[in-house]
Amino acid sequence: MDLVGACRAFVSVSEHGSFTVGAAAAQMSQSVASRRVAALEERFGEPLFERTSRRAVLTPFGRDMLPTARQLVQAADVLLHEAEAAKRKPWRLAVPGICSTASLARLVAEARGHSVTLDLRVAGPAQRTELLHAQQVRAALLAVPPDDARWSVPLGLAGTRVPGVKRVYLETLRVGRASAGPARRVWIQPEDDVPHIRDPLTRLRDAVGLRPAQLVAAPDLTTAAAEVLSSRDLLLCSPAQAEELDLGWRPIGEIAIGRGFALAAAGDGNPQLIEARLGDAVARCLGAGTSGREGT
């Protein structure tokens, strides 16, 4: 038996003194109201109304039960209201700065289609962790090693002139005695300036004999991209970013590295909800599974 529905019919009929009017006020048919009240009476083992041809009059037992039934209906209404408010509560989500404005807008729009309101906060890897720990966001896309990731994005090297090879080896950037011009650099954007990406590249740089200054952490993506677009330098980036910047992209020959992202929630959050409803949209936003333009 639907106890709340039965009590709703009982309360409405008692307030209007009529099954016809009470049922209409409770937005149900008269037959439904009659069945629900009858089920309640059967459950209690006592009649709630003295039915006449014109009115429904409460019995003494019905008068005793009415206050508690009214409280139950009111509590149910409050619960439903709070549930709707909770569903509309924005998810303040910290996201990486690598996502384009268009991809973020599509993520927000798709979330609305799943009855999720997103309030995005763009921040770097360390800042996203800080926002989460301070509970200034409900959830954050954290930078993690690919083995621990829900979403993984391959990284490679992109430039304005990429040779016709399948991979770019860092050792080819080594400066020899006969080399002309400045040493070519590899620019690391802030999103990739994290230990599980930066440290393997630093070890590889030293192993193949590059100069320390040939691996540069940029203050922002714009600076790094400008340096690459105006020189023979290379940008460490995803295929999607290379395509957006109109750069040729290749994987690194000596090692395979990538960005990893995992969704973490603060105390009042449920990351499974976002992953279940928006996992594919988040993947598209991050550029996971995107194949880049391989220029020559």
Drop me the distance from [X]'s [atom1] to [Y]'s [atom2], to the nearest 0.5 angstrom.
{"X": "Ile257", "Y": "Leu201", "atom1": "CD1", "atom2": "CG", "result": "4.0 Å"}
{"X": "His196", "Y": "Asp148", "atom1": "NE2", "atom2": "CG", "result": "9.0 Å"}
{"X": "Leu40", "Y": "Arg8", "atom1": "CG", "atom2": "CZ", "result": "13.5 Å"}
{"X": "Glu110", "Y": "Arg277", "atom1": "CD", "atom2": "CZ", "result": "12.5 Å"}
{"X": "Leu204", "Y": "Asp199", "atom1": "CG", "atom2": "CG", "result": "12.5 Å"}
{"X": "Cys7", "Y": "Arg70", "atom1": "SG", "atom2": "CZ", "result": "11.5 Å"}

Going by atom type alone, with no hydrogens or angles, which donor-acceptor pairs under 3.5 Å involve a side-chain atom of residues 100-107 and a protein atom two or more places apart or on another chain?
{"from": "Ser100", "atom 1": "OG", "to": "Ser103", "atom 2": "N", "distance (Å)": "3.1"}
{"from": "Ser100", "atom 1": "OG", "to": "Ser103", "atom 2": "OG", "distance (Å)": "3.1"}
{"from": "Ser103", "atom 1": "OG", "to": "Ser100", "atom 2": "N", "distance (Å)": "3.1"}
{"from": "Ser103", "atom 1": "OG", "to": "Ser100", "atom 2": "O", "distance (Å)": "2.8"}

Task: salt bridge (Lys or Arg N to Asp or Glu O under 4.0 Å) against Glu227, all qualifying residues, sequence neighbours excluded - done: Arg185

Validation row: [X], [Y] side chains within 4.5 angstrom (heavy atoms):
{"X": "Ile98", "Y": "Phe261", "result": "yes"}
{"X": "Glu254", "Y": "Val208", "result": "yes"}
{"X": "Glu41", "Y": "Thr59", "result": "no"}
{"X": "Cys237", "Y": "Trp187", "result": "no"}
{"X": "Leu245", "Y": "Leu235", "result": "yes"}
{"X": "Leu58", "Y": "Phe49", "result": "yes"}
{"X": "Glu42", "Y": "Met1", "result": "no"}
{"X": "Val282", "Y": "Leu263", "result": "no"}

Open item on the list: Tell me whether Arg35 is salt-bridged to Asp2, with the criterion being a basic N under 4.0 Å from an acidic carboxylate O.
Closed with: no

- [ ] Run through Val228, Leu173, Leu170 and flag the one making a side-chain contact (heavy atoms from CB on, under 4.5 Å) with Leu234.
- [x] Leu173

- [ ] Determine, step by step, whether Glu191 and Arg259 satisfy the salt bridge (Lys or Arg N to Asp or Glu O under 4.0 Å) criterion, reporting the C-alpha distance in whole Å, the side-chain angles of both residues, the deciding distance to 0.1 Å, and the verdict.
- [x] CA-CA 9 Å; Glu191 184 61 35; Arg259 296 178 185 136; 5.7 Å; no

- [ ] Assess whether side chain to side chain contact (heavy atoms under 4.5 Å, CB included) is satisfied between Ile188 and Ile197, documenting all intermediate values.
- [x] CA-CA 9 Å; Ile188 300 177; Ile197 295 176; 5.5 Å; no

Answer yes if [X] and [Y] sit in the same cluster of Ile, Leu, Val, Met, Phe, Trp and Tyr residues linked by side chain heavy atoms under 4.5 Å apart, and no otherwise.
{"X": "Phe19", "Y": "Val21", "answer": "no"}
{"X": "Ile255", "Y": "Leu215", "answer": "yes"}
{"X": "Leu3", "Y": "Val13", "answer": "yes"}
{"X": "Val4", "Y": "Val32", "answer": "no"}
{"X": "Tyr169", "Y": "Leu155", "answer": "no"}

Looking at [X] and [Y], would you say the former's side chain and the latter's main chain have a donor-acceptor pair under 3.5 Å?
{"X": "Glu50", "Y": "Val57", "value": "no"}
{"X": "Arg121", "Y": "Arg92", "value": "no"}
{"X": "Arg184", "Y": "Arg232", "value": "yes"}
{"X": "Thr68", "Y": "Met65", "value": "no"}
{"X": "Gln189", "Y": "Leu236", "value": "yes"}
{"X": "Trp151", "Y": "Gly279", "value": "yes"}

Closest approach of [X] to [Y] (non-hydrogen atoms, all atoms of both residues):
{"X": "Phe61", "Y": "Pro47", "result": "CD2-O, 3.7 Å"}
{"X": "Thr160", "Y": "Ser231", "result": "OG1-O, 3.6 Å"}
{"X": "Ala140", "Y": "Arg128", "result": "CB-O, 3.9 Å"}
{"X": "Ala23", "Y": "Ser29", "result": "CB-O, 3.6 Å"}
{"X": "Arg211", "Y": "Arg205", "result": "O-CD, 3.5 Å"}
{"X": "Pro195", "Y": "Pro200", "result": "O-CD, 3.4 Å"}

Task: Test log, rule side chain to side chain contact (heavy atoms under 4.5 Å, CB included), inputs Val37 and Arg51 - done: CA-CA 12 Å; Val37 170; Arg51 294 166 175 80; 3.6 Å; yes

Open item on the list: I'd like to know whether Asp119 forms a side chain to side chain contact (heavy atoms under 4.5 Å, CB included) with Val137, so could you lay out the CA-CA distance, the side-chain angles of the two residues, the decisive distance to 0.1 Å, and finally the verdict.
Closed with: CA-CA 9 Å; Asp119 177 11; Val137 295; over 6 Å; no

